[in-house]
Amino acid sequence: FDYDVFEFDNGDDVQYEVFFDDIGQGSVLLVDGAANLTVEGTEIITVPPGVSLVRLTIGITQNGDGDFAGFDRFRVYGE
């Protein structure tokens with residue numbers, strides 16, 4: 001998935017956790033906001049062979065100022 005955050009300050013964070021067959025893989029801190037941080041990127045998650053269920057949760061902490069975030073291009077594909 002792609003992400004884009006704009007002017008995230010201290011305390012503004014984005015984290016996610018992937019679940020394979022309903023087993024959490026641990027929370028990942030994707031964006032640790034600091035001093036009007038603006039960043040974008042792509043996160044690629046590899047699913048191990050034999051996994052039949054994949055779930056992704058995204059959590060955002062944001063203080064309500066003029067900051068914003070967007071997420072798109074969620075894709076699941078196999079080889």
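A search for side chain to side chain contact (heavy atoms under 4.5 Å, CB included) contacts involving Ile60 returns Phe8, Val14, Ile58, Gln62, Phe71, not counting sequence neighbours. Scanning for side chain to side chain donor-acceptor pair (under 3.5 Å) contacts around Asp72 gives an empty result, with sequence neighbours left out. Under the rule for a side chain to side chain donor-acceptor pair (under 3.5 Å), Thr46 has no partner lying at least two apart in sequence or in another chain. By the side chain to side chain donor-acceptor pair (under 3.5 Å) test, Asp4 pairs with no residue at all, sequence neighbours left out. Annotation: ring-ring contact (aromatic ring centres under 6.0 Å, His included) contacts of Phe68 (sequence neighbours excluded): Phe6. Contacts of Asp13 classified as side chain to side chain donor-acceptor pair (under 3.5 Å), with partners at least two apart in sequence or in another chain: none. Partners of Arg75 under the salt bridge (Lys or Arg N to Asp or Glu O under 4.0 Å) rule, at least two apart in sequence or in another chain, do not exist in this structure. For Asp21, the side chain to side chain contact (heavy atoms under 4.5 Å, CB included) criterion is met by Val51, Ser52, Leu53, not counting sequence neighbours.
Other residues sharing a hydrophobic cluster with Ile44 under the 4.5 Å side-chain heavy-atom criterion for ILVMFWY residues do not exist; the residue is a singleton.
Hydrophobic clustering (side-chain heavy atoms under 4.5 Å, transitive across Ile, Leu, Val, Met, Phe, Trp, Tyr) keeps Leu29 apart from Val5.
Pairs of residues two or more places apart, or lying in two chains, that qualify as ring-ring contact (aromatic ring centres under 6.0 Å, His included) and include a residue from residues 16-42 are Phe1-Tyr16. Sorted by first and then second residue, the salt bridge (charged side-chain N to carboxylate O under 4.0 Å, His left out) pairs with a member in residues 46-58 read Asp22-Arg55; sequence neighbours excluded. Applying the salt bridge (charged side-chain N to carboxylate O under 4.0 Å, His left out) test to every pair with at least one member in residues 30-39, sequence neighbours left out, gives no pairs at all.
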